[in-house]
Amino acid sequence: MTIAAIITAPGEAAISAIRISGPESWAIAKKITNKNFQEKQVELAWIKKASEKLDQVIIIPFKKPHSFTGEDVIEIHSHGGFICVNKILELVLENGARLAKPGEFSEQAVLNGKMDLVQAEAIHDLITAKTDLARKNAIEIYKGELGNEIKELRESLLGLLGAITASIDFPDEVGDYDKDLYINSVQACISNIDKVLETEKQGEILRQGYKVAIIGKPNAGKSTLLNTLLKKDRAIVTEIEGTTRDSIEEFYNLDGFPIVLIDTAGIRESEDRIEKIGIEKSHEIADQADLILELIDLSQASNEVQRNDSIKIGTKADLETQTQIKTELNISANQNQNIDALKELLKKHINLKAGSQANVKINQRQADLLRQSKSALKQSLEATHLSEDFWTIDLRNAIGHLGEITGESLTEELLDNIFSRFCIGK
Ligand code: GDP
């Protein structure tokens with residue numbers, strides 16, 4: 001099947017691109033241009049619908065397997081914007097291609113062995129990276145480090161399975177498998193899995209951001225702090241749909257760590273009932289955060305402490321202190337006092353929480369499968385008092401889960417699940 005889709009973001013730009021991938025791609029290109037192409041020879045061509053010239057484009061032809069997808073591929077670079085590229089796509093579809101599903105180009109690439117599943121996910125990470133650290137992690141995974149590590153683990157278990165199966169099938173020639181050796185090998189594998197699993201939290205932070213909730217009484221200085229932080233270091237600012245109407249979420253690049261700052265603004269004092277709802281909502285947001293910064297206005301005497309799992313930051317340090325509350329750090333967002341110290345404090349907490357210094361940080365799907373593999377290995381260890389046949393049942397499961405990470409054991413459900421999260425054109 002030949003598939004096609006626009007692979008550039010919609011909008012006005014110098015160029016937009018379409019990818020056609022599959023056995024008919026070259027024939028389609030010929031039909032819509034009346035030109036013959038040679039592998040990797042860039043051609044300037046007119047796209048024609050009957051006698052009408054739709055656009056002048058650049059065409060890059062790739063021959064199977066030397067393409068992104070591993071199929072015959074034609075890339076058409078048209079003038080940018082909405083109309084040209086969509087007209088050309090329509091024509092491509094009329095001539096025999098079907099619209100690619102989300103992630104289908106990457107899926108073809110995995111099925112054709114151009115990359116493993118972990119690398120395909122890394123491309124997604126790369127495209128959605130919000131800071132340079134996130135980009136670096138994605139590139140390391142794309143280079144193959146994580147995939148290779150998982151494949152090595154899987155191969156060592158396959159070796160073990162092979163040896164045990166041999167001793168079951170040919171007891172006279174091979175003899176019983178040494179139980180202690182088996183236990184040691186499985187335990188070594190479990191500790192390797194644990195090492196990779198340690199990177200999960202940092203992976204989540206790099207991909208989704210470290211959630212910092214800023215809570216405090218009205219006028220504590222929450223918005224001022226948010227603005228002060230964002231003003232200087234705003235990298236990519238996206239308004240994310242808030243968990244509640246009353247909170248504002250902003251991306252903040254803290255030396256490469258993507259932080260999601262959540263300003264629990266909107267607690268209004270007009271009516272007690274409403275304020276109560278607002279406070280409840282702030283608590284809900286704080287419950288889901290990785291870190292809670294509680295701002296305490298030092299210039300006010302009465303400042304209820306809202307929760308004891310927060311880091312207390314005194315604000316308005318430029319004014320006379322009226323409160324007895326103990327704080328970890330005092331700042332003045334207005335006067336830019338101690339803002340750098342606050343950033344250091346944030347970084348310290350992220351490093352504590354993130355833990356591992358490993359090179360690559362896994363995502364949640366990979367972590368879930370590693371956990372499943374680990375628990376199968378543990379079950380296999382529990383079966384070692386039984387005959388060797390019983391060890392291998394869970395060992396096979398453990399191998400299967402590792403294979404799902406890299407795509408060596410692929411099911412249609414697994415593929416659908418992963419690639420449907422990509423967008424069309426990837
Ligand atoms: P929020 O309701 O917690 O978001 O508080 P705001 O950020 O809106 O601040 C409330 C008031 O305190 C505003 O008038 C700010 O200008 C003022 N304020 C905030 N930070 C400081 C500070 O560091 N020093 C002084 N003197 N005033 C501040």
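When reading the values below, keep in mind they use all heavy atoms of this one structure, side chains included, and skip hydrogens, waters and symmetry mates. Order of listing sets the numbers, starting from 1, for every ligand and every atom in it. Counting begins at 1 with the first residue of the sequence.
Side-chain polar atoms of Ser21 and Gln108 form a donor-acceptor pair below 3.5 angstrom.
Proximity of Thr315 to ligand 1 is not established, as no heavy-atom distance is less than 4.0 Å. At least one heavy atom of Lys217 sits less than 4.0 Å from an atom of ligand 1. Taking 4.0 Å as the cut-off, Ala333 counts as a neighbour of ligand 1 on heavy-atom distance.
More than 12 heavy atoms of other residues, nucleotides or ligands lie within 6.0 Å of CD in Gln322, so this atom counts as buried by the packing criterion.
Note that the CD atom of Glu24 and the CE atom of Met1 stand 9.0 Å from one another [nearest 0.5 Å]. Note: Lys343 NZ to Phe257 CZ = 15.0 Å, rounded to the nearest 0.5 Å.
At a heavy-atom distance under 4.0 Å, atoms from both the backbone and the side chain of Asn334 approach ligand 1.
Residue-ligand proximity, Ser332 to ligand 1, at heavy-atom distances under 4.0 Å covers atoms 22 (C), 23 (O), 24 (N). Every atom of ligand 1 is numbered from 1 in the order shown, and the set under 4.0 Å from a heavy atom of Asp318 is 22 (C), 23 (O), 24 (N), 25 (C), 26 (N).
Side-chain atoms of Arg365 come within 3.5 Å of backbone N or O of Ile405 as a donor-acceptor pair.
The shortest N/O to N/O separation between Gln335 and ligand 1 does not fall below 3.5 Å. Checked by distance only, ligand 1 and Leu319 stay at 3.5 Å or farther apart across all their nitrogen or oxygen atoms. Residue contacts with ligand 1: Ala220 is placed with a nitrogen or oxygen under 3.5 Å of a nitrogen or oxygen of the ligand (distance criterion only). Looking at Gly221 next to ligand 1, an N or O pair under 3.5 Å apart turns up.
By the 4.0 Å N-to-carboxylate-O rule, Arg371 lies close enough to Glu200 to be salt-bridged with it.
No cation-pi contact links Lys64 to Trp26, judged by a cut-off of 6.0 Å to the six-membered ring centre and 45° from its axis.
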